[in-house]
Amino acid sequence: MENKVFIVNGMKCEHCKLNVEQALKSVVGVEVAEVNLAEKIVNVSYDENLVKPELLKSVVDALGRFEMIL
């Protein structure tokens, strides 16, 4: 299990936090996705055999208001 922290630009409120967490948790292979709004980061635990960081970025970026930095 891989555990990484990513910066996510554009998160401002609890609704943003929930959107990012739900989008990441919907990816097969993601076990945990926890946003820290104050620090504008998300901690993600995932199966590196099923998920690559680029996939996580594309899922978050597709929400429209956010940009994940790899």
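Computation of the quantities below employed the complete heavy-atom set of this structure, encompassing side-chain atoms and omitting hydrogens, waters and symmetry-equivalent molecules.
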> Same hydrophobic cluster for Leu63 and Tyr46, using side-chain heavy-atom links shorter than 4.5 Å among ILVMFWY?
yes

> Given the rule that I, L, V, M, F, W and Y join up when any side-chain heavy atoms are under 4.5 Å apart, are Val27 and Val44 in one cluster?
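Looking at the clustering, Val44 is in the same group as Val27.
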
> Measure the CD-CG distance between Glu54 and Asp61 for me, rounded to the nearest 0.5 Å.
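Those atoms lie 11.5 Å apart.
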
> Find out if a path of hydrophobic residues (ILVMFWY) with successive side-chain heavy-atom gaps under 4.5 Å connects Leu70 to Val51.
yes

> Going from CD on Glu34 to NZ on Lys25, what distance comes out if it is rounded to the nearest 0.5 angstrom?
7.0 Å

> Would you say Ile41 ends up clustered with Val30 if hydrophobic residues are merged whenever their side chains have heavy atoms under 4.5 Å apart, either directly or through other cluster members?
no

> Does one hydrophobic cluster hold both Leu50 and Val60, with members joined at side-chain heavy-atom distances below 4.5 Å?
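In one cluster with Leu50: Val60, yes.
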
> Could you pull out every donor-acceptor pair under 3.5 Å between side chains of residues 5-13 and any protein atom, sequence neighbours left out?
none

> Determine the minimum heavy-atom distance between Val59 and Ala23, stating which atoms define it.
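Heavy atoms of Val59 and Ala23 come nearest at CG1-O, 3.5 Å.
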
> For Met1 versus Glu31, what's the shortest heavy-atom pair and its separation?
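Between these two residues, the closest heavy atoms are CE-CG, 3.3 Å.
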
> Would you say that Lys4 contacts Pro53 through its side chain, given a criterion of any heavy-atom pair below 4.5 Å between the two side chains?
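The answer is yes, as the side chains (C-beta and beyond) meet within the 4.5 Å cut-off.
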
> Can you tell me how far apart NZ (Lys57) and CE (Met68) are? Round to the nearest 0.5 Å.
8.0 Å

> Test Glu39 against every option in Asn43, Leu37, Val42, Asn36 by the side-chain contact (heavy atoms from CB on, under 4.5 Å) rule and name the one that passes.
Asn36

> Out of curiosity, Lys40 NZ to Phe66 CZ, how far, rounded to the nearest 0.5 Å?
10.5 Å

